[in-house]
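As structure tokens, the structure follows; a few thoughts come after it.
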Protein chains: 2
Amino acid sequence: MPAKDGAVARRTQAERSSATSSRLLATAEEMFGRDGYAATSLAAVAAAAGMTKGAAYHHFPGKAGLFREVFVRRLRWAAAALERVAVHAPDPWSALREGCRTFLECCTDPGFRQIVLLDGPAVLGWDAVREIEYEHLLRVLRDGMRAAAAEGWIAGGDLDVRSQLVFGALCEAGMMLARSPDPEGVFPAVAGEAERLLGALVRG
Amino acid sequence: MPAKDGAVARRTQAERSSATSSRLLATAEEMFGRDGYAATSLAAVAAAAGMTKGAAYHHFPGKAGLFREVFVRRLRWAAAALERVAVHAPDPWSALREGCRTFLECCTDPGFRQIVLLDGPAVLGWDAVREIEYEHLLRVLRDGMRAAAAEGWIAGGDLDVRSQLVFGALCEAGMMLARSPDPEGVFPAVAGEAERLLGALVRG
DNA sequence: TCGCTTTCATACCCAGGGTATGTAACTGTT
DNA sequence: AACAGTTACATACCCTGGGTATGAAAGCGA
């Protein structure tokens, strides 16, 4: 077992690997989110992260592969925000309302909008996007609806389909927010209509 | 005024131009719809239409420009279908219901799905897509809602926002239909939930 | 100490969007 | 009818950028 060779701490392989991998991911998340997928070259991302294309291709299967990881990251980020809100809700119905509002706040982030809502479907294909979104967001929304339905808050029906339709409406709402010159100003109107749409499903 | 020179009918510039332009558009619509924007090269489109890239660049400002024209074409196609249905509806509420169902049927077309729902936003940007969709579909939907609201069929509110949210839900529904291995089989369930979403807005 | 693997950098290939230039087909004018 | 000017293409080229092949240096197990 050799000792450290002087002041420079020698790093293990796993440390090096995960460090560069993380740097690359963070840089890619920033650039994909700011400039969009098509306008961001892989070499530029690697350079901004302090390495070359070769390193990027060593850690990820390609540009689309890197984007996919970034996409998943953003979804995890949103899912974490949802989680924090939902656990404090007093009842399933409030959890639904608060969750949807939180998702809209996530859409306020320009990077989230660009990566998840705009480029995601075109780059990864709708099926892949749908699968990842299901894993992190849609299932939560569906389960929330099921819980609300079980307690009689909302009407029954095909909740798999309905949760996805609501998700589509929320994405559109998120895009409206992001596009607006005054997101904070229109937030109440958009969030209000979104809640009305949700509230319209309440069992009368 | 010179006479025709033999068997070959000489064509005017406008005829030549519009003929090649149409051929290019039709071919691009087919290939973009089948293979997607990224996987379709401009040279391939031009070749399939019996010409070279030069001709394409003479008639359109570039690949994205050509795609934009194709995109508009598809929207006009869908709008025409909506128009045919809406005029026969006995009341605003039926017009809304029938219009939404017709839109879902448009989404059954794989090319429509690929061009309008998948590639459009990423290629043209959300703002441009939104503007074109507004011109052809969203305005119709909003006006339909306004008419329905004026006659007391649905509740009031911000109908600009609400129509867009409903549109988002419909697009998602369309993607579900297109993705399904058995579109005809799931059509009733999806259309049913879409109508429920719409019906939930009915003034109680 | 010595292979072996992992981690990157360098150099290269090539598909494809865009452009510059040449040429043939039409058009208005005298 | 001849000519200049414009339009409608084709050909040849540039160059960005994704992907790959090769090589070197840094850990790692024996």
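Residue numbers start from 1 in every chain, and the chains themselves are labelled A, B, ... in the order their sequence lines are given, proteins ahead of strands. The figures that follow rest on heavy atoms only: side chains count, while hydrogens, waters and symmetry mates do not.
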message: Within 45 degrees of the ring normal and closer than 6.0 Å to the centroid, is that where the cationic atom of A:K63 sits relative to A:Y57?
response: no
- line: When rounded to whole Å, the CD to P distance for the pair B:Q13 and D:dG5 reads 17 Å
- request: Write down the distance between CD (A:E15) and C1' (C:dC8), rounded to a whole number of angstrom.
  value: 17 Å
query: Are OP1 or OP2 of C:dC8 and a side-chain N or O of A:H59 less than 4.0 angstrom apart?
result: yes
query: Which nucleotide sits closest to the side chain of B:T52: C:dG17, D:dA10, C:dA9?
result: D:dA10
- request: Scan A:Y37, A:F71, A:F112 and name whichever one has a ring-ring contact (aromatic ring centres under 6.0 Å, His included) with A:F32.
  value: A:Y37
- prompt: Mapping B:A14 and B:A64 onto DNA chain C by nearest heavy atom, which one lands closer to the 5' end?
  reply: B:A64
- prompt: How many Å lie between CZ on A:F60 and C1' on D:dG18, as a whole number?
  reply: 16 Å
message: Does A:S18 reach a base, just sugar-phosphate, or nothing at all? Heavy atoms under 4.0 Å.
response: nothing
message: Quick check on D:dC28: is either OP1 or OP2 less than 4.0 Å from any side-chain nitrogen or oxygen of A:T12?
response: yes
field: Integer-rounded Å distance: C:dG18 P and B:F67 CZ
entry: 14 Å
Pairwise 5' ranking along DNA chain C for B:K63 and B:R16, keeping only the more 5' one: B:K63
query: What's the CG-C1' distance between B:L66 and C:dG17, to the nearest Å?
result: 13 Å
message: If you only use heavy atoms from C-beta on, which nucleotide in C:dT7, C:dG17, C:dC8 is closest to the side chain of B:S41?
response: C:dG17
query: Closest to the B:Y57 side chain: C:dT27, D:dG18, C:dG17?
result: C:dG17
query: C:dC26, C:dT10, D:dT7: which one has an atom nearest the side-chain heavy atoms of B:H58?
result: D:dT7
For atom CG of A:D35 and atom P of D:dG17, their distance in whole Å: 12 Å
query: Of all the nucleotides listed (D:dC9, D:dA8, C:dT7), which has the minimum atom distance to the side chain of A:S17?
result: C:dT7
task: For residues B:A64 and B:V123, report the shortest heavy-atom separation together with the two atoms involved.
output: CB-CG1, 4.3 Å
query: Contact class for B:S21 (heavy atom, under 4.0 Å): base, sugar-phosphate, or nothing?
result: nothing
- prompt: Within this structure, what is the CE-to-C1' distance between B:M31 and C:dG16, rounded to whole angstrom?
  reply: 13 Å
query: Can you find an N or O donor on one side and an acceptor on the other, under 3.5 Å apart, linking the side chain of B:K53 with the base of C:dG16?
result: no
query: If you take all heavy atoms of B:R196 and A:G157, which pair is closest and at what distance?
result: NH2-CA, 4.1 Å
task: Would you mind telling me which of A:R23, A:R73, A:R34 makes a salt bridge (Lys or Arg N to Asp or Glu O under 4.0 Å) with A:E29?
output: A:R73
